[in-house]
Amino acid sequence: MKPSERMKIERQDMPEQEAAARATNFCEVNQGYSAPSACTEAERCLQCKDAKCIRGCPVGVNIPAFVEAVTNEDLDSAAEILLGDNVLPGVTGRVCPQETQCEELCVRDKKGSAVGVGHLERFVADWAREHRKDLFEPPPQSGNKVAVVGSGPAGLTCAGELCKRGHAVTVFEALHTAGGVLMYGIPEFRLPNVVVEAEIETLKNRGVEIITDVVIGQTYTIPELMDEEGFDAVFIANGAGLPVFQGIPGEHLKGVYSANEFLTRVNLMGAYQFGETDTPVIPAHEIAVVGGGNTAMDSVRTAKRLGANPATLVYRRSREEMPARVEEVKHAEEEGVVFKMLNNPIEILGDDDGWVRAVKCIKMELGEPDDSGRRRPVPIEGSEFEIPCKVFIEAIGTKANPLLTQTTPGLKVNKWGYIEIDENNMTSIRGVFAGGDIVRGAATVILAMGDGKDTAVSMHDFLMNGKATGAKASAGEAVQSA
Ligand code: FAD
C-alpha cells in the first residue's frame with residue numbers, strides 16, 4: 001500500500017463497555033480490537049525508515065516490524081518480535097501512557113492521530129496468549145545465581161532478560177502473589193489479573209523462579225543473600241509503595257484509607273466479591289478521593305463500581321495539570337465520577353462514634369509555576385466548604401519503604417530514601433543493582449521495565465567479565481514520567 005493510501009485510513013476506535021454498564025461491574029472497560037480492525041490500524045503505519053516511535057519506548061520494541069507483521073496477518077511473527085523485546089506486552093498494551101511515549105513521536109500524530117501502537121500491542125499479546133506456544137529455548141547455563149528483590153515490572157523484566165542470558169534467577173516477593181502494582185494496584189477493569197498471571201507464568205516456564213512471602217530486609221538481608229545464600233549479584237526492584245498522607249487533622253478516623261490499602265483490598269484480596277472472598281472494604285454511599293494521578297483515578301473508579309454515589313475526586317490543581325493518563329480521566333468522567341478541581345482537603349471531619357462524616361476543603365487558584373513546571377495552587381482565603389462522605393481515600397503519592405535500605409549497610413540512598421545508582425545501574429555496593437520506582441520515585445510500568453532490561457545487560461557484563469560496561473538494552477529514552 002502506498003503511503004498516500006495509508007494516510008487516508010482513519011484511526012480505529014477501541015471498542016469499550018458502555019459507560020453506565022461498566023460503572024457497575026469490574027469487567028474490562030476496553031474490549032480489544034477485532035482482527036480486521038487491528039489489520040486496518042496496522043495499515044496506517046507509514047513504516048518510517050527512521051522510526052522515531054522506537055525511541056519513545058523505554059524497552060525499545062521494534063514497533064514498525066511487529067505492526068507490519070500484523071498488516072500481513074502474520075500474527076505469529078508479530079508475537080515473536082513483540083515478545084522478544086517486551087516480556088509483559090499484555091500489560092503495557094493496556095496501561096502504558098502511549099500518548100506521551102511511542103505514539104507522541106509517531107509522524108502521524110503531527111498530521112491527525114498517531115498509529116494505535118498500544119492497541120495493536122494489546123491485540124498481538126492477547127492473540128499470543130490464546131493461540132501461541134512459547135518457543136523459548138533455554139540457553140547454556142552460566143552457573144551464576146542472581147537474586148531479584150520484588151516481582152513488579154522492573155523485577156520481572158530483569159529476571160526474564162537474565163534468564164535469556166543463561167543465569168539462574170530467583171525473584172523474592174514480599175506479598176503472597178507476584179506482580180507488584182500490576183496485581184495489587186491497577187484494577188481488574190483496566191488490567192485483568194489473568195493477563196498478568198499468564199505473562200508471569202511464561203517467565204516461570206522459561207526458568208525464572210519466584211518465591212513469595214519473603215521480605216528482603218527481614219527474612220534475609222541483602223548481605224545474607226550474597227554471603228550466605230550464594231547469590232553472585234542482586235537486583236533491587238522493591239518499588240516505592242509506602243503511602244504518603246496529607247498530614248491533615250482527622251486522618252485517624254474510621255473510614256480513612258490510603259489508596260494502596262483500599263486498592264489492595266479490592267484488587268488483590270477480591271473485596272469486590274466479599275462473601276466469596278474474606279476481605280471486606282467499608283461499604284459507603286458517599287466516597288471522596290484526593291489526588292490527580294492514576295492511583296486516584298483507579299481509587300475513585302473502583303469506589304464508583306462498589307456503589308458509591310457520589311464518588312468524588314478532589315484535586316488541588318486543574319484538569320490540565322492532572323498526571324493521570326488521559327484515557328483514565330475520560331473514562332472516569334463518562335462513568336459519572338464527580339470532579340472537584342481546584343479544591344484541597346484541609347480536615348477530615350468525624351461523627352461522635354469516630355467515623356468520617358465529611359471532608360472540609362478549601363478552594364484554590366493557580367499561581368506561578370512551581371518546581372514541577374505546573375502552576376502552583378494557592379488557597380483562596382475564606383472559601384472553605386464541606387463534602388459529605390463516609391469513606392475518604394488519600395491517593396496523593398507513595399514513597400520508598402526504608403525496611404530494605406536500612407538493613408543494608410553501605411547502600412547509598414538520596415534524601416528521599418530512593419537508592420542511588422551509577423551509569424551501570426549498580427548501587428554503592430558492588431554486585432548490587434537497582435531500578436524501577438525504588439530509584440526513580442513513583443513513575444510508570446514501562447520505565448520500570450526499561451530499567452529492568454538495561455540493568456540485565458549491565459549485570460550480565462558484571463557476571464561474565466567482573467565489570468559492568470553500561471551497555472543499554474533499550475533503544476529509547478524516557479519521554480515522560482507520571
Ligand atoms: P512495583 O510494581 O511496586 O513492585 C515492587 C514489588 O516489590 C512489589 O510486589 C512489592 O510487594 C515487592 N517488595 C517490596 N518490598 C519488598 C521487600 N522488602 N522484599 C521483597 N519484595 C518486596 N503506571 C503506568 O505506566 N500506567 C498506569 O496506568 C499506572 N497505574 C497505576 C495505578 C496505581 C494504583 C499505582 C499504584 C501505580 C500505577 N502506575 C502506572 C505506576 C506503576 O505501576 C509503577 O511505576 C510500577 O509498577 C513500578 O514498578 P516496580 O517494579 O519498580 O515496583
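Indexing begins at 1, ligand by ligand and atom by atom, following the structure's order.
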Self-check item: Between Tyr272 and Phe26, ring centroids under 6.0 Å
Solution: yes
Quiz item: Does Arg301 make a cation-pi contact with Phe189 (under 6.0 Å, within 45 degrees of the axis)?
Solution: no
Exercise. Taking salt bridge (Lys or Arg N to Asp or Glu O under 4.0 Å) as the test, write out the residues that go with Arg44, two or more places apart.
Key: Glu41
Residues 252-261, side-chain donor-acceptor partners within the protein, below 3.5 Å, at least two apart:
residue	atom	partner	partner atom	Å
Lys254	NZ	Asp353	O	3.0
Tyr257	OH	Ile282	N	3.0
Ser258	OG	Glu261	N	3.1
Asn260	ND2	Gly241	O	2.9
Glu261	OE2	Arg265	NE	2.8
Glu261	OE2	Arg265	NH2	3.2

Exercise. Kindly assign one of parallel, tilted or perpendicular to the pair His460 and His167, based on the angle between their ring planes and the thresholds 30° and 60°.
Key: tilted
Quiz item: Tell me, which pairs form a ring pair (Phe, Tyr, Trp, His ring centres under 6.0 Å) where one or both residues lie in residues 225-245, sequence neighbours left out?
Solution: Phe172-Phe231
Quiz item: Around ligand 1, what residues show up once you keep those with a heavy atom under 4.0 Å from it?
Solution: Val95, Pro97, Val149, Gly150, Ser151, Gly152, Pro153, Ala154, Phe172, Glu173, Ala174, Leu175, Gly180, Val181, Gly185, Ile186, Arg190, Val214, Val215, Ile216, Ala237, Asn238, Gly239, Leu263, Asn294, Thr295, Asp298, Arg325, Gly436, Asp437, Ala443, Thr444, Val445, Ala448
